[in-house]
Each structure stands twice: as C-alpha cells, then as structure tokens.
Amino acid sequence: MPRLLPPSDDNVAQAAAELARGGLVAFPTETVYGLGADTFQPAAIEKIFALKGRPLDNPLIAHVLDADSARRVAGEWDDRAARLARRFWPGPLTIVVPRGPDVPEQATAGWPTIAVRAPSHPVARALLAAFGGPISAPSANRSGGVSPTTAAHVAEDFPDADDLVILDGGPCAVGIESTVVDLTGVVPSVLRPGAVTVAELRRVLGEVGITLATGQAHAPGTSEAHYAPRTPAELVARKALPDRLRGPGGPFVVLCFEGTRVPPGQSAIVLPADPARCAARLYAALREADRAGAARILIEEPPEGSGLWVAVRDRLRRAVS
Ligand code: TXA
Ligand code: MG
C-alpha cells in the first residue's frame with residue numbers, strides 16, 4: 001500500500017526530497033489529488049504514465065507557484081496569460097501556452113504546448129515551495145477512471161504502489177478538475193469546463209470559444225471516455241427514472257439529486273442540489289456507486305444551468321460514454 005502522510009513540515013520536506021530523487025508524490029489540490037513528478041526529469045515523468053496506464057500522447061499539467069514560475073516552463077507568456085493569472089491564480093484554472101525550450105518532451109507528451117496551473121491548496125503550495133520547481137501532475141487515478149478527491153481514493157487506485165507517498169490534505173474543496181483554457185489558437189478556447197466559468201473567462205479575455213469532447217482520443221484535454229466508474233452507468237431524466245427502474249439491466253444503484261423520490265428499498269446515493277456542493281461530492285459519490293455491487297448505475301441528469309453545472313454535466317456525460 002502507498003504511505004499516507006499528514007502534511008507536516010517534515011513530511012512535506014520528505015515529499016519534496018522524493019520528487020528531487022525522481023520519485024512520485026501524490027498531493028492534494030483544491031480541485032482533485034495530483035500524482036506529481038519533477039517536470040525536468042523525463043524518467044520521473046515516465047513513471048507517472050506507467051503507474052496510471054496513461055496514453056503516452058496525453059500531456060500533463062505543470063503545477064507552479066505563480067506566474068513568474070510559469071514563465072520558466074512557457075515559451076511565450078503573453079498579456080492574456082498574465083491577465084488570467086492575475087485574476088484566477090492561485091486557483092482552478094489551467095492555461096495552455098507554447099512550451100518552453102528547456103522543458104523535456106515527456107512533460108507534454110511530445111506536444112509543443114504546455115498546460116500550467118498555480119493551485120491554491122496550502123499543501124500543494126507548501127510542496128511547490130519546498131521542491132523549488134514545477135511539478136508535473138495529472139489527477140492521481142488510474143487512467144480513464146474517476147479522479148480522487150481524498151487521499152484514500154488515491155491509495156484505493158494504486159494499492160500496489162508501495163513506494164508512493166501520499167500527502168493527506170483531507171477532501172478537496174472544489175472536487176472536479178480545473179478549467180483548461182487554450183491560448184495557443186487564434187481565439188482562446190475552453191478545452192475542459194471547471195469552476196472558473198466561460199463567462200468569467202470572457203470578462204477577462206473577450207471572445208472565448210469552447211472545444212469540448214471531439215471523440216478524437218488524441219486531442220488533448222478532450223478525450224471522450226473519461227471520469228468513468230467501472231460499473232456501467234447511464235444518464236436518466238428525473239421524469240423517466242421510475243420507469244427506468246422497472247426496466248432491464250438491474251440491480252441498479254441510483255445517483256440522484258436532493259428532492260428526487262426513489263422507490264422505497266431502492267439503493268440510492270443523494271447529490272446536493274447546489275452546484276458547488278454537488279461538484280465537491282461528485283467523485284466520492286461515483287466511487288460509492290461503484291462499490292454498491294449494482295449491475296448498473298442510473299444517474300439522474302443534472303439540472304440545466306450555467307456555471308459549475310456545465311462542468312458537472314460534462315463529467316457525467318463522459319462518465320457514461
Ligand atoms: O485540476 C486539475 O487540473 C488536476 C489537478 C491535479 O491539478 N489535474 C488534472 O490533470 O486534472 P489531468 O492530467 O487529469 O488532466 C489534464 C487535462 C487533460 O485533459 C489533458 O489532455 C489536458 O489537461 N492538457 C494537458 N496539457 C495540455 C496541452 N498542452 N494542451 C491541451 N490540453 C492539455
Ligand atoms: Mg485526469
């Protein structure tokens with residue numbers, strides 16, 4: 001089993017030393033837990049891909065303390081990037097810019113661009129400060145699976161990784177991955193919706209496009225099947241739920257929103273009706289649904305709505321694809 005450590009100064013220093021030695025460290029961010037390695041050590045980066053079973057063409061986010069450290073990995077840091085960083089960092093926004101000349105190819109899976117983010121979680125920041133350089137980290141889950149929002153989720157996904165250190169910073173407050181905005185095209189484009197909304201980005205950047213799942217596995221940021229539980233899952237409209245529950249494919253476990261009636265005796269997991277609280281709870285709920293021993297997970301369609309609901313709908317749509 002991996003080692004779960006409380007984030008004391010000593011343990012953070014030990015984790016930073018592990019990164020310097022070319023090892024992996026899982027750490028909390030405000031969005032989800034990350035599986036980190038030194039951006040500048042190709043062999044360490046390769047360990048991330050191997051442990052996650054991640055496709056070798058899917059690039060990683062480099063985590064940094066601030067815009068100054070972002071410049072070190074960026075080939076270009078223009079005024080738009082600077083404005084975004086001033087407005088949203090530290091926080092759940094990832095900015096894609098041209099890759100800097102010193103960054104090893106492995107850190108961006110060969111792509112000429114790099115995604116950078118300054119997380120706000122105090123433990124992530126303490127680790128970045130102690131390590132003193134950028135940390136490349138995808139979400140700390142098996143590739144394609146549900147992202148981890150607790151240290152225990154990380155351990156559950158990598159039970160055989162005896163060398164893996166996990167800094168335990170408690171549950172993640174945001175609960176879904178960062179918004180990814182790509183500045184390398186003619187018009188800035190959101191590749192993955194998150195807690196920083198398109199409307200907020202438009203207030204800083206003006207025109208912003210949206211490039212969501214393309215179905216092409218090789219377009220970074222947009223892979224279709226993702227965030228998926230192991231149990232087959234399907235989205236069902238609230239009105240259709242009673243009928244669907246009488247239909248084929250059970251036994252079911254239902255993931256529904258507060259206020260939705262499910263028949264007595266039906267196993268159900270309830271999600272908050274408030275979007276921020278729903279996002280924070282979403283991945284733990286999907287993992288619970290996976291453990292419920294059902295043949296199929298029926299997920300109530302999330303409400304229409306803007307802001308975080310866009311991100312929640314995006315993740316659930318991918319979870320069932
Ligand atoms: O909130 C988050 O972003 C978390 C925490 C740990 O920071 N990280 C995370 O990483 O979700 P990951 O690897 O699971 O998702 C990163 C997404 C992927 O969809 C990847 O394809 C995309 O960002 N991405 C990374 N580098 C990119 C690049 N150079 N161009 C376009 N998309 C990129
Ligand atoms: Mg991920």
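Counting starts at 1 for both ligands and their atoms, following the listed order.
- Between Tyr33 and ligand 1, no N or O atom pair is found at a separation short of 3.5 Å.
- The heavy atom nearest to atom 6 (C) of ligand 1, considering only Ala26, Gly34, Pro119, is found in Gly34.
- Salt-bridge annotation for Glu234 and Arg296: present, with a side-chain N of the basic residue lying under 4.0 Å from a carboxylate O of the acidic one.
- Considering only non-hydrogen atoms, atom 25 (C) of ligand 1 lies nearest to Pro59 out of Pro59, Ser143, Gly36.
- With respect to Arg21 and Glu18, a salt bridge is recorded, a charged nitrogen being found less than 4.0 Å from a carboxylate O.
- Under the 4.0 Å criterion applied to side-chain N and carboxylate O atoms, Arg287 and Asp290 are not assigned as salt-bridge partners.
- The nearest N, O or S atom of Ser147 is not closer to the Mg ion (ligand 2) than 2.8 Å.
- Polar contact with ligand 1: absent for Glu177 (N/O pair, distance under 3.5 Å).
- Within 6.0 Å of CG in Asp79 there are more than 12 heavy atoms belonging to other residues, nucleotides or ligands.
- Polar contact check, Ser139 against ligand 1: a nitrogen or oxygen pair lies under 3.5 Å apart.
- Counting heavy atoms of neighbouring residues, nucleotides and ligands inside a 6.0 Å radius, atom CZ of Arg202 exceeds 12 of them.
- At a heavy-atom distance under 4.0 Å, only side-chain atoms of Arg54, from C-beta outward, approach ligand 1.
- Ion pairing between a basic and an acidic side chain is recognised when a charged N comes within 4.0 Å of a carboxylate O; Glu177 and Arg117 show no such pairing.
- The distance criterion of under 3.5 Å between nitrogen or oxygen atoms is met by Asn58 with respect to ligand 1.
- With salt bridges taken as basic N to acidic carboxylate O contacts below 4.0 Å, none links Arg83 and Asp78.
- Remark: ligand 1 and His63 share an N or O pair separated by less than 3.5 Å (distance only, no angle test).
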